[in-house]
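One structure below.
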Amino acid sequence: MTFTNKASLEMKDRLFNMVGEEKGKTVQLGTFHGLCWRWIIGYRIKKNLSKCILIDDNEQLKLVKEIVRPDNKDKLIDYKEVLESIQRFKDNLYDIQNLPTDFKDPSFGNFKTIYLSYQSKLKELNGLDFGDILLYMLKILEEDKEYGSYMRNRFHSILVDEFQDTNRSQYKLIRCLTKPPYNLFCVGDDDQLIYQWRGANIDNIRGLPKEFKELTTIKLEENYRSTPNILGTANRVICNNKNRFEKKLYASGYKGKICSKVMENRSSDLNYESSIGDVIHRQLDNDYDEAHHIVQDIVNAIKNGYSYSQIAILIRSSTIGSKIEEKLHLFSIPFRVVGGKKFFEYKDIQDLISYIKISHSPTHNLALSRSLQTPKRGCGTAYLEKLKQISYEDGTTLLESIPKAGKRPKAVEYYEMIKSFNEISSSVGLCGSAGESSETLTLPIFIRNLYEASGLKNIIDNSTENRESRQGRIESFIDLSNRFNNLDTFLDYLTLVSGIDSADDVDGRVSLMTIHSSKGLEFDIVFLAGLEEGILPTFNSINDGGDKLEEERRITYVGITRAKKKLVLSCCRERFVHGKVVRNAPSRFYIESLPPIVSLTDTNIKKPKKQKKHRNFNKLEKSLTTENSLQGKIIKHKSFGTGVVIKEDESDLLTVAFKNGVVKKIEKNEIQN
DNA sequence: CGTTACTACGTTTTT
DNA sequence: CGTAGTAACG
């Protein structure tokens, strides 16, 4: 069981490489949500229960708005926040009758009402949202004793990856799927806990030894992935977290000694870079320069025999990736953007999907309202209200109320069309069994017909603006559907696995992605870009302090440790965000990750011992006579000139921002008096 | 009902 | 900057 789709793919890859595809396929492997959904489908078929549908996040938000909007004239309630609370509520296995006192309720005390009507709306749709997938699975495991015991005996062993990121409901699920003697194998690293905002609960991993008395803990301190310098950089950062298990990682793959020579390079007055062998720190004037350097480095790396697929550019949030994208384009470097705008999210695709959904499940009212209104059929909110009224009075579905509402030729036309597609929808993928026809109705054919009949094709073909790319997107979408046998699996894929690249897409491309989506992956060369205060750590986490900052630091740590051979950390003085130039200080994590400059003086300048003693004495004197901290003081360095002390740490290291903007770590005794 | 033009806004991260 | 929401008009 994995946490993200990406991790699941990676796991599958490694498993197949290890034992071969045939054997590997006998393992049930997937995300918590993916596996549970698979089991739920199986269960409901076995019990002869009707199909339920998955509700994606857009649809969730729609429901919340429907519920909250009428009582929210003054717009005090944030719909997204309410949805968020509902999700956290489910993740944490809270009890609606008994909300915890510290429960953050953005609806000012109305949460219970909102939640209950949200759930009843889901029930009307016969739908499950993400949280419900796990909750429903738990429910049937507990309530159906026979099934529960069947499931507990079903697996020889269970392996949970990234255990630190599990939330309460996932934890309980694991408990319900296992029994003594436990054959449960959990892999986790508390330093990589980066999903707390999504309900991940550190107590899950911390409490494991207590809950399972027979638990054997194996510390994995030997790191096979990264070079010593990369590992050192990671450690310099993560050791600043107060709240963590102590562990000392060492690099086993590289017995060579740690490079101590700091190389420096200044390409202009503002752009500056230092490196210790395979770790490069780079400060730049702006995000444009940053992108330029990254791309330049990639070109060189390719010349030196690295492959595109082994290079990744990691960023905190997908919003800062556009400059880098532009540059990659400009240099014709093949790349893929992971976690950016997924093409399922384009309006055209969503429109088409809503038609597929309503054809598949005629009770899907969310899909109905969307599809009915695009293309325009003169049916707005008033008409939908009328439909609701009829369906309420007559006890029919919304769809079936359309002919009863009368005098709407376009709506009736829509109704007839959906009905006809609905009739054939279940025979999609069945060989020759579709009525009189002996031809197989494939998914792509079905979708293409729907695309034309709905009128969507007309809109796009007659559009003036970027018609070709819109048509192209639709074509790729239809193309993608070719990989699925029926509507069920295709629609499930769209909500559960949306945005995943097809495997062949990954080959031979540089990856540009968020640090979050890079988790569990590794690359020869990693660029960690945008290491600035306000970006990483995010603006919010800085103000929030404590917990959130530590999570930001862990995110940085995860980013650094994706690198196997080379790591480039960069920050910019100026960056273009939301149409504005913003100036940010170098990230505190950038500063923490800097190698101590002391190694430079070690190799280059032999200092007379006397002088050193003298300086030390001065320092001592200073610390005794004046206030303890040098922070904020202006100092002078023999080779770097004047600067301001940003930070002082216990081991006599000062982080100094020099006049030219370069940030460095120097030894205290290098200060000129 | 649908379109346009404007304002406010907030800005992670994922199943 | 893009987008979501709204007010006003055709």
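For clarity, every value in this text was computed on a predicted model and none was experimentally measured. Heavy atoms only: backbone and side chains are in, while hydrogens, waters and symmetry mates are out. Naming convention: chains lettered A, B, ... in sequence-line order (proteins, then strands); numbering from 1 in each chain.
- Judged by a 6.0 Å distance limit and a 45° cone about the ring axis, A/R554 is not positioned over the six-membered ring of A/Y557.
- Pairing analysis of DNA chain B (Watson-Crick: purine N1 to pyrimidine N3 plus N6-O4 or O6-N4; G-U wobble: N1-O2 and O6-N3; both under 3.5 Å) yields stems of 3 or more pairs at B:1-9 with C:2-10.
- Comparing the same atom, C1', in C/dA7 and in B/dG10 gives a spacing of 22 Å after rounding to whole Å.
- Ring pair A/Y493/A/F484 is tilted by interplanar angle, where 30° to 60° counts as tilted.
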Indicate for each nucleotide in nucleotides 5-10 of chain C, in 5' to 3' sequence, whether protein heavy atoms under 4.0 Å reach the base (B), only the sugar-phosphate (S), or nothing (-). SS----
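- For A/S318, a side-chain nitrogen or oxygen approaches OP1 or OP2 of B/dT13 to under 4.0 Å.
- Each of A/F32 and A/G380 lies near DNA chain B, and the nucleotide nearest A/G380 is the one positioned closer to the 5' end.
- Distance CD1 (A/I555) to P (B/dT13): 11 Å, rounded to an integer number of Å.
- Atom OH in A/Y136 sits roughly 24 Å away from atom P in B/dT15 (whole-Å rounding).
- Residue A/S517 has a polar side-chain atom (N or O) positioned under 4.0 Å from OP1 or OP2 of B/dT14.
- Atom CZ of A/F539 and atom P of B/dG10 are 12 Å apart (whole Å).
- Using bins of under 30°, 30° to 60° and over 60° for the plane-to-plane angle, the ring pair A/F89/A/Y115 lands in the tilted bin.
- For the atom pair CZ of A/F32 and CG of A/L173, the computed distance is 7.0 Å after rounding to the nearest 0.5 Å.
- Panel note: side chain A/E290, backbone A/G530; a donor-acceptor pair is recorded below 3.5 Å.
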Without placing hydrogens or testing angles, list every side-chain donor-acceptor pair under 3.5 Å for residues 76-83 of chain A, not counting sequence neighbours.
unit_1	atom_1	unit_2	atom_2	d
A/D78	OD1	A/K80	N	2.8
A/D78	OD1	A/E81	N	3.2
A/Y79	OH	A/N72	ND2	3.3

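- Distances shown here put a side-chain N or O of A/T514 below 4.0 Å from the OP1 or OP2 atom of B/dT14.
- Across the protein-nucleic acid pair, A/N58 atom CG and C/dA4 atom C1' stand 13 Å apart, rounded to whole Å.
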